[in-house]
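For reference, the structure is listed below as structure tokens.
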Amino acid sequence: MKLSKKSMWLRAIYFVVAVAAIVYFLPRTSQREYVYEENRPWSYGLLTAPFDIPVHLDSVSARHVKDSIDSKFEPVFIRDSNAEKLIVGEISSRLNSTDTLNISPTEKNEIIARVRKIYSDGIVSRAVYAEIRSGRLPAVRFIHDNISMSMPTGQFLSVIRAYEKLDSSFRSPHVHSAIAAIHLSELLEPNIRPDSALTERLLSDAYLKAMAPVGVIQTGERIIDKGEVVTPRLATVLRTYEEMLAERSTEVDASSYYPIAGQTLYVIILFAILYCYFIYFRPQYFSNDSMMLFVMSAITALSLFAFAMDATFRHGIYLVPFTILPIITEIFMDSRTALYTFLIEIFICAILPSFALEFIFVQFVAGVVAIDSLNDLARRSQLIRTAVLILLSYCLSYVAIELMTSGSIENLQPRMFGLFAINGVLVSFCYVLIFIFERIFGFTSRVTLVELSDINNPLLRELSEECPGTFQHSMQVSNLSAEAARRIGANVQLVRAGALYHDIGKIKNPAFYTENQHGVNPHDALDPLQSARVITGHVTEGLKMAEKNKLPQIIRSFISEHHGRGTARYFYTTYCNTHPDETVDKAPFSYPGPNPTSKETSILMMADAVEASSRSLKDYSPEAIQNLVNRIIDTQIAEGLHNDSPISFRDVQEIKDVFVQRLRTMYHTRISYPDLKKNPEETAQPSPSADVNNNKA
């Protein structure tokens, strides 16, 4: 494999851009921070205290203590004496200055006295009164000269209740009229108000006293070791340890860049492994710009999506449909490449989850199931089946990990099964992505090949109507090629589809090809040079028709390469025989080519020549068929027609064996059925019983 300078630069750009994008968006985690969960094993090594660490109550105990404080704590209120005096004074002024009031001085004094009594008991806001009525505020505190006094709240009234009490305490109608005339309801205001600032400070002090450290982990003392379960108490200690570390390490030194350098090296190593795989094991993919762009962009895009989901949702990494990558890669490439790219993707994203082993195991099982269950995608229903199998594999592998690490089924989280279900639904939409990638990168999926292989396709239907002999030839070649491709591990569906379309150029001049002739041969009226031009022209005409009907480029390669740069041997030999003294140029008798560049097109070239030549055999014995296959394929190899193809000598031998077996089956000797001989007497005068017996037979 030899790449151009431009292609090498493209590969380098793909590599650098992918590494830069992934490293840039990778979550940054300090080297002194740890990822852990309560009631799960500690996955790091021994951790000792680098300094004295106070031991506080764990979260559960702290919550109980706070709840106890909250239930007993009495908020602080203040009595607004100035407001009380101003309001009483305003009521007295209105009672004395309003001439229309028909009440005595004694009744006026009684009103003022009862207002003072209500204010002495206390008036609070509507919200505070609602808490009192609900029982949430049985008592409050008043602080005066640093002396705290508790007071029950049963006597406190709201403004509305205070007015109702005052109004109902008088029986005289003219007193009620006087209260309404001075608008007493508008004058009443709360005189007992909460002191929010002091309440909050006292509550915080109570929390601090209750949450005082219950012990100390001294410098050098063990905090936790690998495999120990992170209890709520240890989780509290670890959080305290991290907070103290953050306070102490405010300076920035060169070591802060080490994690970034490590992440960069980590991603570079993974992509370097991927490039080495393509260079040494899949050079045909590495030399294809679209293939490499697809692989690198798919891995990068899926990684960035995983980073975003992990940052947005708890356990969001398990929402990412990672198995879409091996499914699409297998459809456009092969299963081995699908597994390789999937492993690279999983190792890149293994940085994110708290428990990398669990993540890698679960994803690996799901990816292998996806690849194995989708060996040959031909129908949409297969994707649904694969999605269901992926969901089951996720659930089973998750249960296995949980049982192994925690030893109990009680720790299984229903949320995880919900995430796996969403993941499976997303995988089922992979069919849409296949269609999109086909359009973006110019790929041809197996689904498209299956659709193209349908003989009801308009172009194939036209071939069967205009060139029935050529159509039958194409069908036979398709069967031969598919069986040979299956034997050597080539793309069976691609060969099958390419073989059906390889001779569509003959539609333009069907009568010039032997398989479509009916006793009249137009070549009898042409010289060999003209005939060769017509025969070799079916390749060019086929490419024009393929472009007009928008056949994929990979199918067009079968049209252009199925004869390679071979020669129309019959007319070339005829011309040489009629011009013995002339040096004959092969170019006018040669097909435009190019020669086969893949195993699939090489198979088609061999099958096309063998099937066509087999029709002229007079002897269909196994030896004759064997000699025909060997002669045709060996001649093609000797002429160098397969030099540009990656096909091996072992593949060629396998293909020969397949062709011989198939041709022997197609042209097997049939048994000659004997005629029924009858006696002359039976023929002259058949008996009734004989007629009955014959009818029964």
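What's counted below: heavy atoms across the whole structure, side chains too, no hydrogens, waters or symmetry copies.
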Heavy atoms, side chains only, cut-off 4.5 Å: are Arg496 and Asn479 in contact? yes

Over 60° means perpendicular and under 30° means parallel, so classify the ring planes of Phe437 and Phe441, tilted if in between. tilted

Heavy atoms, side chains only, cut-off 4.5 Å: are Gln476 and Met666 in contact? yes

Between Tyr285 and Asp334, is any pair of side-chain heavy atoms under 4.5 Å apart? yes

For Thr444, is there any backbone N or O sitting under 3.5 Å from a side-chain donor or acceptor partner on Glu438? no

Taking the side chain as every heavy atom from C-beta outward, state whether His562 and Tyr501 have any atom pair closer than 4.5 Å. no

Set of side-chain hydrogen bond (donor to acceptor under 3.5 Å, both in side chains) partners for Thr341, sequence neighbours left out: none

Find out whether Pro622 and Gln626 are in side-chain contact, i.e. whether some heavy atom of one side chain is under 4.5 Å from a heavy atom of the other. no

For the pair Arg486 and Glu483, find out whether any cationic side-chain nitrogen is under 4.0 Å from an anionic carboxylate oxygen. yes

Note: Glu654-Arg650 ion pair, threshold 4.0 Å (strictly below): no

Applying ring pair (Phe, Tyr, Trp, His ring centres under 6.0 Å) to Tyr572 and not counting sequence neighbours gives Phe589

Is any side-chain heavy atom of Tyr394 less than 4.5 Å from a side-chain heavy atom of Thr323? yes

Test: Lys506 and Glu515 ion pair at under 4.0 Å: yes

Chi angles and distances behind the side chain to side chain contact (heavy atoms under 4.5 Å, CB included) call for Phe342, Val368: CA-CA 9 Å; Phe342 179 66; Val368 171; over 6 Å; no

If you take the centroid of each ring, where Trp contributes its six-membered ring, are His502 and His563 closer together than 6.0 Å? no

Is a side-chain N or O of Asn516 found less than 3.5 angstrom from the main chain of Gly469, in a donor-acceptor match? yes

Please name the residue in the list Lys586, Arg565, Arg569 that meets the salt bridge (Lys or Arg N to Asp or Glu O under 4.0 Å) test with Glu639. Arg569

Quick check: does any side chain N or O of Ser453 sit under 3.5 Å from a backbone N or O of Leu449, one acting as donor and the other as acceptor? yes

Check: Phe286 main-chain N/O paired with Arg11 side-chain donor or acceptor under 3.5 Å: yes

Do the two ring centres, one from His538 and one from Phe512, sit under 6.0 Å apart? no

Report yes or no: is the cationic atom of Arg336 (NZ for Lys, CZ for Arg) closer than 6.0 Å to the six-membered ring centre of Phe281, at no more than 45° off its axis? yes

With heavy-atom distances below 4.5 Å as the criterion, would you say the side chains of Arg282 and Tyr340 are in contact? no

Minimum side-chain heavy-atom gap Tyr266-Val23 below 4.5 Å: no

Using modelled atom types only, decide if a donor and an acceptor are shared between the side chain of Asp651 and the backbone of Ser648 within a distance under 3.5 Å. yes

List the atom of Leu641, the atom of Gly566, and the distance in Å for their closest heavy-atom pair. CD2-N, 3.9 Å

Would you say CZ of Phe347 has more than 12 non-hydrogen atoms from neighbouring residues, nucleotides or ligands within 6.0 angstrom? no

Derivation of the ring-ring contact (aromatic ring centres under 6.0 Å, His included) call for His523 and Phe571: CA-CA 10 Å; His523 291 288; Phe571 298 107; 5.0 Å; yes

Assess whether atom OH of Tyr570 is packed by more than 12 heavy atoms of other residues, nucleotides or ligands within 6.0 Å. no

